[in-house]
Visitor: 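If you scroll down you'll find the structure; I have some questions about it.
Chain letters run A, B, ... following the sequence lines, proteins first and then strands; every chain starts at 1. In what follows, every heavy atom counts, from backbone to side chain, and hydrogens, waters and symmetry copies are set aside.
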Protein chains: 2
Amino acid sequence: MELQNLITEQGVRYHFEKGARVFKQGDDCEYIYLVEHGLLKAFYVTANGKETIKSFIKQHSIIGSLNAALCLAPCTFSLEALDTSVLIRFPFSQLLDESKRSITISQEVVQILLGLALKKERREFELLTLSATERFNNLRRTDPELVKKLTQNDIAKYLGITPVALSRIKHQ
Amino acid sequence: MELQNLITEQGVRYHFEKGARVFKQGDDCEYIYLVEHGLLKAFYVTANGKETIKSFIKQHSIIGSLNAALCLAPCTFSLEALDTSVLIRFPFSQLLDESKRSITISQEVVQILLGLALKKERREFELLTLSATERFNNLRRTDPELVKKLTQNDIAKYLGITPVALSRIKHQ
DNA sequence: GAGTAGCATTAACCTATGTTAAAAACTCAT
DNA sequence: ATGAGTTTTTAACATAGGTTAATGCTACTC
């Protein structure tokens, strides 16, 4: 929890209303954000204007663009509040510095990254081996609360299908 | 490179012929493997017998099942040599222990995990937003050498389509 | 309570990819 | 070179999901 304390004490707290953007695809954004509370979506907009949702971010999660942080490149996705949310912003470079100084912080970073990699691995598995119907049932099973809060539109964009297709799936 | 030295010196070296399995989906496997040289594939076999390839693993990469290592659960995928390969096996738990002891090792673990997460994020992006044709063109563009070495079957399984579909894509 | 805006459903048609099976093209050992 | 085994291509048909557009539903405003 040393990391959490560090971020809470030294980071800057921001307030976002539903619909507000934390950062936009293409921005430079060398920060990570700790979600104090609320719900957000991280999403891509493709060249032809199609939106797909990468992940939903809940209370106590940490989110940031690895691409922006690691490669000094622009963010590959946007982050938007789905609900009133409070985030604490902390510079990614400072996180790396601190983790060089303190082994406990470094340990916590390792734990966070392991969890992240595991989550991504699961998602890759689903996208690669399951049908849209199976992915939807999985989501409903593993996080019914989240499904209740989301619009069908956002669920569909997360599953990688259109809202029309999702409606069809729901009715067999 | 301290980590690399540690693994090379204390790990156990194994030799695999083309087609040999390093570990199998369902195994307990609390090790990571450093690929000294060769080429391997990490793949899932679904309940109905369909194979999909999670990733190809090249020289100098580190591979292991996060699920097995972190959750003490069975491996979710199998690892098979596509070419004669030499791997060095090292216990995951020992890696975590060492990283608690040495900040340089911990730093190296962070770097490896960041790289892994970034790779997974890119793959997630591709699976979510690109068509099979676009994914194939991407692969051809970013790693033509790899494409040359693989069978069409394995490329298709990596893209998440059938070899028949890939053949069609190649001919427009 | 009528009007408007935003979501969800339905339907008709289209396209990409799956499935199966057969034919063709390689690859290699003898 | 021959033939066996593997990989790739081709073809015909089936299915999941995309697209568009019309309709229905809910909820909020006035």
Visitor: Could you state the interatomic distance from CD1 (Ile105(A)) to OG (Ser106(B)), rounded to the nearest 0.5 Å?
Guide: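 That separation rounds to 11.0 Å.
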Visitor: Tell me: CD of Glu134(A) to C1' of dA16(D), nearest whole Å?
Guide: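 Going from CD in Glu134(A) over to C1' in dA16(D) covers 12 Å.
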Visitor: Over how many whole Å does the gap from Lys50(A) atom NZ to dG18(D) atom C1' extend?
Guide: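 In whole Å, dG18(D) C1' and Lys50(A) NZ are 9 Å from each other.
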Visitor: If you check every side-chain atom of Ser167(B), which of dT9(D), dT19(C), dC7(C) has the closest atom?
Guide: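 Nearest nucleotide to the side chain: dT9(D).
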Visitor: What nucleotide, of dG18(C), dG17(D), dT10(D), holds the atom closest to the side chain of Val164(B)?
Guide: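 Per side-chain heavy atoms of Val164(B), the pick is dT10(D).
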Visitor: When the distance from NZ of Lys157(A) to P of dG18(D) is rounded to whole Å, what number comes out?
Guide: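 Roughly 13 Å, once rounded to whole Å.
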Visitor: Please check if the number of heavy atoms outside Tyr33(A) that lie under 6.0 Å from its OH is greater than 12.
Guide: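 Yes, OH of Tyr33(A) has more than 12 neighbouring heavy atoms, counting only those of other groups under 6.0 Å.
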Visitor: One pair to check against salt bridge (Lys or Arg N to Asp or Glu O under 4.0 Å): Lys58(B) and Asp143(B). What are the steps and the verdict?
Guide: CA-CA 12 Å; Lys58(B) 299 198 271 188; Asp143(B) 204 340; 2.6 Å; yes
Visitor: Can you check whether Gln152(B) has a side-chain N or O nearer than 4.0 Å to OP1 or OP2 of dT6(D)?
Guide: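 For dT6(D), neither OP1 nor OP2 has a side-chain N or O of Gln152(B) closer than 4.0 Å.
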Visitor: How long is the gap from CD on Glu121(B) to OG on Ser55(A), to the nearest 0.5 Å?
Guide: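 Rounded to the nearest 0.5 Å, the CD-OG separation comes out at 8.0 Å.
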Visitor: Nearest whole Å is fine: how far is dT17(C) P from His171(B) NE2?
Guide: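 Spelled out: NE2 on His171(B) to P on dT17(C) is 16 Å.
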Visitor: With a cut-off of less than 4.0 Å, is there a side-chain N or O of Thr162(A) near OP1 or OP2 of dG18(D)?
Guide: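 So the side chain of Thr162(A) is within the cut-off, an N or O lying under 4.0 Å from OP1 or OP2 of dG18(D).
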Visitor: Would you kindly give the CG-to-C1' distance between Asp154(A) and dC7(C), to the nearest whole Å?
Guide: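 Those two atoms, CG and C1', are 11 Å apart.
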Visitor: Determine the interplanar angle of the Tyr44(B) and Phe77(B) rings, folded into 0 to 90°, and report it as parallel if under 30°, tilted if 30 to 60°, perpendicular if over 60°.
Guide: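 Perpendicular.
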Visitor: In this structure, how many angstroms lie between the P atom of dT9(C) and the CD1 atom of Ile155(A), rounded?
Guide: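 The answer, rounded to whole Å, is 10 Å.
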Visitor: Measuring from the side chain of Ala165(B) (C-beta onward, heavy atoms only), which nucleotide among dG18(C), dA21(D), dA8(C) has the closest atom?
Guide: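 The listed nucleotide nearest to Ala165(B)'s side chain is dG18(C).
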Visitor: Considering only side-chain heavy atoms of Asn153(A), which listed nucleotide, dT19(D), dA8(C), dT17(C), is closest?
Guide: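 Shortest atom-to-atom distance from the side chain points to dA8(C).
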Visitor: What integer distance in Å separates Leu128(B):CG from dG17(D):C1'?
Guide: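 Value for this atom pair: 15 Å.
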Visitor: Grab the CG-C1' distance between Asn137(B) and dA16(C) for me, whole Å please.
Guide: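 Result: 15 Å.
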